[in-house]
Amino acid sequence: MMQSKNKFNAHKVTYRGMTFDSRKEFKRFLYLQFLEKKGVISQLRRQVKFQIIPPLYVARTVNHAKTTRIKSSLVDSPAYYTCDFLYRENGRIIIEDVKSAETARLKDYILRRKLMIRIIARHNARRGHDAFEFRENGVSH
């Protein structure tokens, strides 16, 4: 197990080829692995990426000698939210993040979290039940 520090003084941890942003995240992973072995949760995955804002394309007309075509050009790349953990618990899919108080106050994180929660709420409303749940571990608001 190797450790190094990041900008918030959190110690990065490398364990069996996996890198965790903090000891807190690493300890949570070990606990979730324990719960998975006990059958409390299943399908534990790390660093799952969700697209929260689609790419932005603009259509433009391209004139050639005898033809006119519409070509779309990428204006802005998509934005993603990457959760720390994703697992199944009591038939629900849990999307979980482990954050320190400092990280939880970052504007970029706050915006991405809000977009992710909104996407989950819309999905659950369309399905008519709470299939997905967002959790933050280690943060008190």
Side-chain angles (χ1 to χ4, degrees), residues 1-65 67-141:
M1 187 165 64
M2 273 181 23
Q3 295 185 0
S4 63
K5 285 187 179 182
N6 72 11
K7 63 183 174 183
F8 294 110
N9 256 352
H11 293 268
K12 283 195 177 236
V13 177
T14 301
Y15 173 75
R16 295 185 178 175
M18 297 178 282
T19 301
F20 299 87
D21 288 334
S22 66
R23 286 186 213 151
K24 186 189 292 187
E25 183 182 329
F26 171 62
K27 287 178 183 178
R28 182 64 179 162
F29 174 71
L30 293 178
Y31 182 68
L32 290 172
Q33 272 193 322
F34 168 77
L35 292 178
E36 188 174 38
K37 285 177 186 169
K38 292 289 184 185
V40 177
I41 67 170
S42 62
Q43 301 173 5
L44 176 61
R45 293 169 46 202
R46 294 187 59 244
Q47 301 297 310
V48 179
K49 192 184 225 186
F50 296 90
Q51 183 177 291
I52 54 175
I53 301 173
L56 177 61
Y57 291 93
V58 172
R60 58 187 174 91
T61 306
V62 180
N63 293 314
H64 291 289
T67 62
T68 300
R69 294 187 0 207
I70 296 176
K71 184 177 181 182
S72 84
S73 300
L74 180 66
V75 174
D76 207 355
S77 299
Y80 295 96
Y81 178 88
T82 304
C83 66
D84 292 326
F85 307 109
L86 183 136
Y87 53 91
R88 198 172 274 282
E89 178 183 67
N90 298 324
R92 301 176 82 187
I93 298 170
I94 309 300
I95 298 164
E96 182 176 312
D97 251 332
V98 177
K99 296 290 177 234
S100 67
E102 294 86 9
T103 306
R105 285 194 294 264
L106 293 174
K107 289 180 182 179
D108 180 62
Y109 172 71
I110 292 168
L111 179 61
R112 288 174 190 272
R113 180 188 72 217
K114 286 179 180 180
L115 288 168
M116 190 65 199
I117 290 170
R118 187 174 187 185
I119 289 167
I120 290 169
R122 282 184 176 169
H123 180 274
N124 289 345
R126 278 195 311 268
R127 297 277 188 195
H129 59 84
D130 293 339
F132 287 86
E133 180 181 325
F134 181 84
R135 291 184 187 166
E136 282 182 304
N137 192 294
V139 179
S140 57
H141 294 282

* To do: Output yes when D97 and R135 qualify as a salt bridge under the 4.0 Å nitrogen-oxygen rule, no when they do not.
  => no

Going by heavy atoms in the side chains, are [X] and [Y] under 4.5 Å from each other?
X    : Y    : result
F34  : L30  : no
I95  : F50  : yes
R88  : I94  : no
R126 : R122 : yes
E136 : R113 : yes
Y80  : Q51  : yes
D84  : F29  : no

Give the minimum heavy-atom separation between [X] and [Y], together with the two atoms involved.
X   : Y   : answer
L44 : Q33 : CD2-N, 3.8 Å
Y57 : S72 : CD2-OG, 3.9 Å
T14 : T19 : OG1-OG1, 3.6 Å

Quick one: [atom1] on [X] to [atom2] on [Y], what's the gap to the nearest 0.5 Å?
X    : Y    : atom1 : atom2 : answer
K114 : Y109 : NZ    : OH    : 12.0 Å
I52  : T82  : CD1   : OG1   : 9.0 Å
Q47  : L86  : CD    : CG    : 11.5 Å
L56  : S73  : CG    : OG    : 11.0 Å
I117 : E133 : CD1   : CD    : 10.5 Å

* Structure fact -> Those residues at least two apart in sequence (or on a different chain) that pass ring pair (Phe, Tyr, Trp, His ring centres under 6.0 Å) with F85 are none

* Pairing residues for F132 by the ring pair (Phe, Tyr, Trp, His ring centres under 6.0 Å) criterion, not counting sequence neighbours -> H123

* **Those residues that, when tested against R118, pass salt bridge (Lys or Arg N to Asp or Glu O under 4.0 Å) (two or more places apart)** => none

* Asked: Residues in side chain to side chain donor-acceptor pair (under 3.5 Å) with T67, at least two apart?
  -> none

* Any residue meeting side chain to side chain donor-acceptor pair (under 3.5 Å) with T61, in chain and number order, not counting sequence neighbours -> none

* Asked: Pairs in or reaching into residues 26-49: which pass salt bridge (Lys or Arg N to Asp or Glu O under 4.0 Å), with residues at least two apart or in two chains?
  -> E25-R46, R28-E96

* When you look at CD1 of I70, are more than 12 heavy atoms from neighbouring residues, nucleotides or ligands closer to it than 6.0 Å? -> no

* Please assess L115 against Y81 for the test side-chain contact (heavy atoms from CB on, under 4.5 Å), listing each intermediate value before the final yes or no. => CA-CA 9 Å; L115 288 168; Y81 178 88; over 6 Å; no

